[in-house]
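Worksheet: one structure, shown below.
We use all heavy atoms of the structure for the numbers below, so side chains are in, but hydrogens, waters and symmetry mates are not.
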Amino acid sequence: MSFSPNSPAAPASADARLPLLKAWLAPLNLVAPESARPASSDASFRRYYRLDVLPSNTTLPGKTLIAMDAPPERENVPAFVKVAGLLKGAGVSVPDIIAQDLEQGFLLLSDLGTTTYLDALNHDNASVLYAEALESLMKIQLASAPDVLPEFDRAFILREMNLFPEWFIGKHLGATLTDVQQTQLDKVFEAITANILSQQQVFMHRDYHSRNLMHINDGSLPNPGILDFQDAVFGPVTYDIASLLRDAYIQWDEELVLDWVIRYWQRAKQLGLPVNPDIDAFYRDFEFTALQRHLKILGLFSRLNYRDGKDLYMGDLPTVLDYVRKTANRYTELKPLVRLLDALENKTPQVGYTF
């Protein structure tokens, strides 16, 4: 989710809840309800609108605010409010909650701008922008405490990965696994799950990537602005850096990614974060966690297309598949996944190094 004016979104006139939102906004006398226009697309049931601040409200941040419409039967608005407070307490940039109606599923938020990391990133500024994003991530991780957020436990991990055989293999590829193939996939899933559960746990955003980070270049707040955090959990320390540096929407040379991972690892150790003290083991953790996420994404993007009619993400499948193949090909216990994809896609096996 991003507050970008260029993102495709449902026309405001087509949203049946928009009149309810405007009726809630009107008596607040903060924004002009008639100025509501779509502010973003989203893979969920949430809708976002950018509105003009009334000229009389000189104390509000900026000239526009964002209204979030999150149907309460579909979305967890209290979780958004809770996590926003946690992240603000950690000292990172998140939207201020100006007004709220949890019963109806409405929030009025400060506007973090229109430029996402995905819009802003290029080879000249990538190292600086990622350093800022990783510094903010470490602030979040340093604020971690158990029993505050839901746990990213075994059931959670497997539920996400099982989107892959159901929606990517079953619906997208139109294939049915044999008993042998299913057993092999189960073993790969178990290897990934065991690795993730062995890692130290911290606050985990879950979607810390270029479409959910805003490039704030006016100096009003520390860069980046962080969005779409309502699904945060308590999970493995490598998850969010995997989400950021093995991004489904933008891909970098592996040498660059390795350098950024090492820089994070060095800084995290200095700060006392619970990262694996051995860099080779830490990078392995990073790769296994990224693979879990990418298998989920292959299934999730396929489900969005075939079930929900949202084909926006299908163009990103090749990038994610490339990540999956390269990672699985490097580790003996993950190689059956490459052989499975070869069989399903009728591809010649790749030759690679194994660790």
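Remark: the Asp179 side chain and the Gln182 side chain contain no N/O donor-acceptor pair separated by less than 3.5 Å. With 3.5 Å as the limit, one finds no donor-acceptor pair spanning the side chains of Asn76 and Gln230. Judged purely by distance below 3.5 Å, without hydrogens or angles, the side chains of Trp265 and Tyr283 never pair a donor atom with an acceptor atom. Looking only at atom types and distance, the side chain of Asp119 has a donor-acceptor partner in the side chain of Thr116 under 3.5 Å away. With no hydrogens or angles considered, no side-chain donor-acceptor pair links Asn223 and Asn217 at under 3.5 Å. Between His172 and Tyr306, the side chains place a donor N or O and an acceptor N or O closer than 3.5 Å (distance only, hydrogens not considered). Checking Asp285 against Thr238 by side-chain atom types alone, no donor-acceptor pair falls below 3.5 Å. Using modelled atom types and a 3.5 Å distance limit, the side chains of Asn162 and Glu160 yield no donor-acceptor pair.
You'll find the side chain of Thr193 reaches within 4.5 Å of the side chain of Leu197, heavy atoms only. Considering only heavy atoms from C-beta on, Leu108 comes within 4.5 Å of Trp24 through its side chain. Within the 4.5 Å cutoff, no side-chain heavy atoms of Lys310 are placed close to those of Asn305. Two residues are said to be in side-chain contact when any heavy atoms from C-beta on lie closer than 4.5 Å; Leu177 and Leu340 meet this criterion. Between Leu102 and Val81 the shortest side-chain heavy-atom distance falls below 4.5 Å. By the 4.5 Å heavy-atom criterion applied to side chains, Leu227 and Val94 are not counted as neighbours. A 4.5 Å side-chain heavy-atom check between Leu129 and Leu121 finds at least one atom pair inside the cut-off. Inter-residue side-chain proximity for Thr289 and Asn195 is flagged as met; some heavy-atom pair is nearer than 4.5 Å.
With Asp96 contributing its side chain and Ile98 its backbone, the two residues share no donor-acceptor pair below 3.5 Å. Side chain of Asp253 to backbone of Glu255: no donor-acceptor contact under 3.5 angstrom is found.
In this structure, Arg206 does not pair ionically with Asp228, as no charged nitrogen and carboxylate oxygen lie closer than 4.0 Å. Electrostatic pairing of Arg330 and Glu254 counts as a salt bridge here, judged by a charged N lying under 4.0 Å from a carboxylate O. Comment: Arg284 engages Glu333 in a salt bridge, judged by a side-chain N to carboxylate O separation of less than 4.0 angstrom. Under a 4.0 Å N-O distance rule, the pair Arg293/Asp247 does not qualify as a salt bridge. Residues Glu345 and Arg325 are paired through a salt bridge, judged by an N-O separation under 4.0 Å between the basic side chain and the carboxylate. The pair Glu166-Arg303 fails the salt-bridge criterion, with no side-chain N (NZ, NE, NH1 or NH2) lying under 4.0 Å from an Asp/Glu carboxylate O. Between Arg154 and Glu190, at least one side-chain nitrogen of the basic residue sits less than 4.0 Å from a carboxylate oxygen of the acidic one, meeting the salt-bridge criterion. The residues Arg37 and Asp52 are annotated as salt-bridged, a charged nitrogen and a carboxylate oxygen being separated by less than 4.0 angstrom.
Aromatic rings from Phe288 and Tyr331 are positioned such that their centres are separated by under 6.0 Å.
In this structure, the separation between CE on Met314 and CG on Leu312 is 11.0 Å, given to the nearest 0.5 Å. How far CD of Gln141 is from CD1 of Ile241: 7.5 Å, rounded to the nearest 0.5 Å. Taking CD1 of Ile169 as the start and CG of Leu185 as the end, the distance is 6.0 Å to the nearest 0.5 Å. If you take CG on Leu244 and CG on Asp207, they are separated by 12.0 Å, rounding to the nearest 0.5 Å. Remark: Leu334 CG to Ile192 CD1 distance equals 5.5 Å, nearest 0.5 Å. In this structure, the separation between OG on Ser56 and CG on Leu30 is 8.5 Å, given to the nearest 0.5 Å.
Transitive grouping of hydrophobic side chains (ILVMFWY, heavy atoms separated by less than 4.5 Å) keeps Leu21 and Leu54 in distinct clusters. Following chains of ILVMFWY side-chain contacts shorter than 4.5 Å, one can reach Val148 starting from Val202, so the two form part of one hydrophobic cluster. Residues Tyr323 and Leu298 fall into different hydrophobic clusters, defined by Ile, Leu, Val, Met, Phe, Trp and Tyr side chains chained together at heavy-atom separations under 4.5 Å. Both Val83 and Leu142 are members of a single hydrophobic cluster when ILVMFWY side chains are connected at heavy-atom separations under 4.5 Å.
Taking both residues in full, the closest heavy atoms of Tyr130 and Trp252 are given as OH-NE1, 2.8 Å, listed atom of the first, atom of the second, then distance. For the residue pair Ser110 and Leu65, the shortest heavy atom distance occurs at CA-CD2, 3.8 Å. Of all non-hydrogen atoms in Phe234 and Ser144, the two that sit nearest each other are CE1-CB, 4.2 Å. Taking both residues in full, the closest heavy atoms of Ser302 and Leu317 are given as OG-CD1, 4.4 Å, listed atom of the first, atom of the second, then distance. Taking each heavy atom of Leu245 and Phe286 in turn, the nearest pair found is CB-CZ, 4.2 Å. The minimum heavy-atom distance between Gly315 and Pro318, with the atom names listed, is O-CD, 3.4 Å.
Each of Arg74, Arg46, Arg17, Lys22 was evaluated against Asp69; a single residue qualifies, Arg17, per the salt bridge (Lys or Arg N to Asp or Glu O under 4.0 Å) test. Screening Phe229, Tyr239, Tyr249 for a ring pair (Phe, Tyr, Trp, His ring centres under 6.0 Å) with His209, the sole residue that qualifies is Tyr249.
For residues 182-207, every residue pair satisfying the ring-ring contact (aromatic ring centres under 6.0 Å, His included) rule, not counting sequence neighbours, is listed here: His205-Tyr208.
No more than 12 heavy atoms of other residues, nucleotides or ligands lie within 6.0 Å of CZ in Arg263, so this atom counts as exposed by the packing criterion. The neighbour count for Glu103 CD, taken as heavy atoms of other residues, nucleotides or ligands under 6.0 Å away, does not exceed 12.
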Mind running side chain to side chain contact (heavy atoms under 4.5 Å, CB included) on Met204 and Phe152 for me, showing each step along the way? CA-CA 9 Å; Met204 183 179 120; Phe152 194 64; 3.8 Å; yes

Output, in order, the C-alpha distance, side-chain angles, deciding distance and verdict of side chain to side chain contact (heavy atoms under 4.5 Å, CB included) for Val320 and Arg246. CA-CA 9 Å; Val320 182; Arg246 292 275 175 86; over 6 Å; no

How far apart are the C-alpha atoms of Asp259 and Ile262, what are their side-chain angles, what is the distance that settles it, and do they pass the side chain to side chain contact (heavy atoms under 4.5 Å, CB included) test? CA-CA 5 Å; Asp259 180 63; Ile262 292 172; 5.5 Å; no

Assess whether side chain to side chain contact (heavy atoms under 4.5 Å, CB included) is satisfied between Tyr264 and Val261, documenting all intermediate values. CA-CA 5 Å; Tyr264 163 86; Val261 170; 5.7 Å; no

